[in-house]
Amino acid sequence: MEQALRPRIGVNKDTQFFWDGLKGGKLLIQHCQNCDQLQHPPGACCKHCQSFDLDAIESCGRGEIHSFVRMHHPIQPPFEAGHPIILVQLEEGTRIIAGLINSTPEQVCIGERVKLTITRCDDEVTLALFEPA
């Protein structure tokens, strides 16, 4: 039986750099050149000062779990029941929502150190996932 594909990603001009960065092996976080703030998810303008002077910085890919949920229902291939979705506080200061891999749902705890694992799911989808550090 063929394995189910991950859902397709909605890419637009504001998020293209993020997805291209992952395909190139980098976690890029949007940065405002005007107020020096980081933001994720990316947007058309800075959520802090509304400037359009945006670029991106490369994250080191390390952080800690700030919060999490365990997705139980509905079960959707290719996901397993109870897979954890985490909110990671990156060392750079911003947060990102991602899946947690190489850990059981029972092991997930707030404050746990995690590291980035860029995962190519198929020819179209490359994701920023995290695993215990």
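Within the 3.5 Å criterion, the main-chain N or O of Cys121 finds no donor-acceptor partner in the side chain of Thr119. With Glu64 contributing its side chain and Ile110 its backbone, the two residues share no donor-acceptor pair below 3.5 Å.
Checked against side chain to side chain contact (heavy atoms under 4.5 Å, CB included), Glu112 has the following partners two or more places apart in sequence or in another chain: Ile65, Cys109, Pro132. Taking Arg95 as the reference, His66, Gln89 meet the side chain to side chain donor-acceptor pair (under 3.5 Å) condition, with sequence neighbours excluded.
Rounding to the nearest 0.5 Å gives a distance of 6.5 Å between OG1 of Thr117 and CG of Asn102. The structure places CD of Gln37 at 8.0 Å from SG of Cys32, a figure rounded to the nearest 0.5 Å. One finds the CD atom of Glu92 at 9.0 Å from the OG1 atom of Thr94 (value rounded to the nearest 0.5 Å). The SG atom of Cys60 lies 4.0 Å from the CZ atom of Arg62; values are rounded to the nearest 0.5 Å. Taking CZ of Phe68 as the start and CG of Leu100 as the end, the distance is 9.5 Å to the nearest 0.5 Å. Rounding to the nearest 0.5 angstrom, the gap separating the NE2 atom in His31 from the CG atom in Asp36 is 3.5 Å.
Looking at every heavy atom in both residues, Pro42 comes nearest to Asp14 through CB-O, 3.4 Å. When every heavy atom of Ile9 is checked against every heavy atom of Thr126, the shortest pair comes out as CD1-O, 4.3 Å. When all heavy atoms of Trp19 and Gly10 are compared, the pair lying nearest together is NE1-O, 4.2 Å. Across Leu54 and Gly43, no two heavy atoms sit closer than the pair CD1-O, 3.6 Å. Summarising the geometry of Cys35 relative to His48, their closest heavy-atom pair is SG-CB, 4.0 Å, with the distance given to 0.1 Å. Between Phe52 and Ala44, the shortest heavy-atom distance links the atoms CD2-O, 3.3 Å.
No hydrogens or angles considered: nothing links the side chains of Asp53 and Gln33 as a donor-acceptor pair under 3.5 Å.
Within the 4.5 Å cutoff, the side chain of Glu124 has heavy atoms near those of the Arg8 side chain. When side chains are defined from C-beta on, Phe17 counts as touching Gln30, because their heavy atoms get closer than 4.5 Å.
Under the 4.5 Å side-chain heavy-atom criterion for ILVMFWY residues, a single connected hydrophobic cluster contains both Ile86 and Ile118. Linking Ile, Leu, Val, Met, Phe, Trp and Tyr residues whenever their side-chain heavy atoms come within less than 4.5 Å leaves Ile97 and Leu90 in two separate clusters. One hydrophobic cluster holds both Leu38 and Leu116 under the rule that ILVMFWY side chains link at heavy-atom gaps under 4.5 Å. Both Ile57 and Ile96 are part of a single hydrophobic cluster, where members link through side-chain heavy atoms under 4.5 Å apart. At a threshold of 4.5 Å between side-chain heavy atoms, the hydrophobic network of Ile, Leu, Val, Met, Phe, Trp and Tyr places Ile101 and Leu127 in one connected group.
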I'd like a table of donor-acceptor pairs (distance under 3.5 Å, sequence neighbours excluded) in which one partner is a side-chain atom from residues 20-29, with atom names and distances.
residue, atom, partner, partner atom, Å
Asp20, OD1, Gln16, NE2, 2.8
Asp20, OD2, Gln16, NE2, 3.3

